[in-house]
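Throughout, a chain's letter reflects where its sequence line sits, starting with A, and its residues are numbered from 1. Everything numeric here is computed off the predicted structure, so don't read it as measured data.
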2 protein chains.
Amino acid sequence: MSTDTAVDARRTDTRERILATASGLFAERGFAGTSIRDISDALGVTKAALYYHFASKDDILRAIVDQPISAIRGVMELEPDLGSAAARRQFIADIIGAMADCTPESVAVFKDPQIQAMVGAEISASGITNVLSITLAGALSGTADPAQIEPEHLVRASAAVAAGLAVIDTWHLAFPDTAKFSEESTAYIVDTVSAILER
Amino acid sequence: MSTDTAVDARRTDTRERILATASGLFAERGFAGTSIRDISDALGVTKAALYYHFASKDDILRAIVDQPISAIRGVMELEPDLGSAAARRQFIADIIGAMADCTPESVAVFKDPQIQAMVGAEISASGITNVLSITLAGALSGTADPAQIEPEHLVRASAAVAAGLAVIDTWHLAFPDTAKFSEESTAYIVDTVSAILER
DNA sequence: GTCTATATTGCGATAGAC
DNA sequence: GTCTATCGCAATATAGAC
């Protein structure tokens with residue numbers, strides 16, 4: 001019943017609050033720059049409480065980056081056509097659209113170089129923004145082989161992805177009243193990324 | 001004599017090697033994600049040796065970010081005219097030109113959100129990339145008052161600065177044989193930043 | 001100028017009461 | 001589900017020999 005769902009919401013509330021607080025701090029200070037204590041203090045609970053909900057600090061990060069990563073992965077696994085500027089634009093729009101359920105903070109976390117560097121290992125982010133850059137650069141060069149990518153295309157794609165992240169990050173700071181990942185903002189992000197990529 | 005200069009070079013060599021190694025690691029793993037031990041191991045010396053050359057870990061960071069920060073500050077203190085697109089383009093070119101003596105690693109360090117957040121305090125970076133973004137956004141809005149900046153201009157300026165950082169970072173990765181901050185690369189950076197800013 | 005050895009603090013993580 | 005208390009360890013930083 002409605003009472004039950006309310007109770008369930010309460011029950012999982014702390015977990016969600018941990019993720020919200022942690023993602024904000026990770027985005028602001030980086031992963032290594034944020035301690036478990038920082039997170040628990042910001043929430044007004046003890047460290048031990050966090051460890052009831054998550055097995056480790058890495059586990060918290062995993063839960064945060066999981067959504068944006070699988071969103072991006074999901075679009076990439078469709079192996080879309082990237083042969084034209086219009087197709088690439090659609091691809092970018094799909095990526096942003098897939099991330100619409102993510103919070104901007106969970107995306108901003110990827111600015112931390114350390115998080116991007118957590119390759120393959122336990123957290124299989126595998127430098128998701130790098131993967132994105134290389135994919136787009138490969139499309140510009142018309143090859144799937146990273147070794148054959150034209151250097152300038154790699155530079156351009158990296159700039160486009162970095163700019164996209166910056167827009168996501170700055171948007172809700174510049175427009176505090178706007179819904180996060182609104183239609184307006186996603187269109188703007190796609191425009192920006194596409195313009196840099198196809199310049 | 002030439003022998004003396006060679007000896008002098010030897011003498012200061014370790015300090016420079018520390019900075020080179022540290023900036024590379026900071027850029028790769030972030031500041032908090034890099035320990036003194038990481039740096040000393042990479043250099044093949046002990047931690048104590050580092051503390052002979054630098055008073056603290058913060059001190060190492062300070063020495064690294066000092067050059068790019070004063071380069072940017074130096075250009076900004078000229079209070080250049082930013083009233084037209086051409087003037088802003090010249091301003092960007094001046095900034096990049098002033099950074100020509102810096103290593104790309106020392107610039108890439110600014111990707112770490114923690115380093116950017118070290119505001120005012122001891123290390124007075126005061127979010128130098130944010131300052132740059134706000135300056136450019138203010139120019140677009142035709143105001144010096146941050147409160148009067150149009151939100152869209154802030155978003156655009158942030159994207160431009162982030163893209164510029166990405167180009168600096170990716171360039172020598174994409175063109176390993178090119179001299180860092182060569183004429184060709186600086187022109188490309190200016191073009192990229194300017195195009196995004198004036199879009 | 002670099003080393004070994006150590007002081008000290010704060011971190012991630014766990015045990016067990018409530 | 002949250003608490004107090006604590007363990008083990010890695011981090012920054014220092015002292016003093018060479």
Side-chain angles (χ1 to χ4, degrees), chain A residues 3-23 25-26 28-65 109 112-115 117-118 121-123, chain B residues 3-23 25-26 28-65 109 112 114-115 118 121-123:
Chain A
T3 313
D4 283 356
T5 28
V7 169
D8 284 352
R10 267 280 176 73
R11 232 166 226 162
T12 56
D13 189 34
T14 304
R15 195 189 148 91
E16 297 308 314
R17 281 176 58 225
I18 291 172
L19 291 179
T21 304
S23 61
L25 290 174
F26 288 166
E28 192 182 319
R29 316 176 186 178
F31 179 68
T34 305
S35 70
I36 296 285
R37 167 127 228 162
D38 289 336
I39 305 170
S40 61
D41 279 0
L43 280 164
V45 297
T46 61
K47 292 189 297 172
L50 295 200
Y51 280 100
Y52 172 80
H53 293 278
F54 296 93
S56 67
K57 192 185 172 190
D58 275 12
D59 198 34
I60 298 178
L61 178 61
R62 220 186 321 263
I64 291 171
V65 298
V109 156
D112 184 347
Q114 193 194 19
I115 290 177
M118 285 175 167
E122 300 170 64
I123 295 172
Chain B
T3 312
D4 283 358
T5 28
V7 169
D8 284 354
R10 266 282 174 74
R11 231 165 227 162
T12 55
D13 188 34
T14 303
R15 197 189 146 90
E16 296 309 315
R17 282 175 58 223
I18 291 171
L19 292 179
T21 303
S23 61
L25 290 173
F26 288 166
E28 191 182 319
R29 316 176 184 177
F31 179 68
T34 305
S35 71
I36 296 285
R37 167 124 229 161
D38 290 336
I39 304 170
S40 61
D41 279 0
L43 280 165
V45 296
T46 60
K47 294 184 293 172
L50 294 201
Y51 280 100
Y52 171 80
H53 294 277
F54 296 94
S56 66
K57 191 186 172 188
D58 276 13
D59 198 34
I60 297 178
L61 178 61
R62 220 186 320 264
I64 291 171
V65 299
V109 155
D112 184 347
Q114 193 195 19
I115 290 177
M118 286 175 167
E122 300 171 62
I123 295 174

### Query
Once you round it to whole Å, what is the distance between P of dG1(D) and CG of L43(A)?
15 Å
### Query
Just to confirm, is there a sub-4.0 Å distance from OP1 or OP2 of dG1(D) to any side-chain nitrogen or oxygen of Y52(A)?
yes
### Message
Under the rule for side-chain contact (heavy atoms from CB on, under 4.5 Å), what residues qualify as partners of D38(A), not counting sequence neighbours?
### Response
L25(A), R29(A), T34(A), S35(A)
### Query
Residues two or more places apart in sequence or in another chain: which of them pass side-chain contact (heavy atoms from CB on, under 4.5 Å) with A20(B)?
none
### Summary
Reading nucleotides 11-18 of chain C from 5' to 3' and marking B where a protein heavy atom lies under 4.0 Å of the base, S where only the sugar-phosphate is that close, and - otherwise, the string is SBBBB---
### Query
Between T46(B) and dC3(C), does any side-chain N or O lie under 4.0 Å from OP1 or OP2?
yes
#### Entry: Nearest-angstrom distance from the residue atom CD1 of I39(B) to C1' of dA11(D)
12 Å
#### Entry: OP1 or OP2 of dT2(D) under 4.0 Å from side-chain N/O of T14(A)
yes
### Message
Just the rounded figure in Å: distance from C1' of dC3(C) to CG of L50(B).
### Response
13 Å
### Query
Does some side-chain heavy atom of F26(A) sit less than 4.5 Å from a side-chain heavy atom of D112(A)?
no
### Message
I'd like to check the side-chain contact (heavy atoms from CB on, under 4.5 Å) partners of F54(B); sequence neighbours left out, ordered by chain and number.
### Response
R15(B), I18(B), L19(B), D59(B), I60(B), A63(B)
### Separation of atom CZ in R17(B) from atom P in dG1(C), rounded to whole Å
14 Å
### Message
Suppose we screen for side-chain hydrogen bond (donor to acceptor under 3.5 Å, both in side chains). Which residues come up paired with S40(A), at least two apart in sequence or across chains?
### Response
none
### Query
Under the side-chain hydrogen bond (donor to acceptor under 3.5 Å, both in side chains) test, which residues partner T21(A), sequence neighbours left out?
none
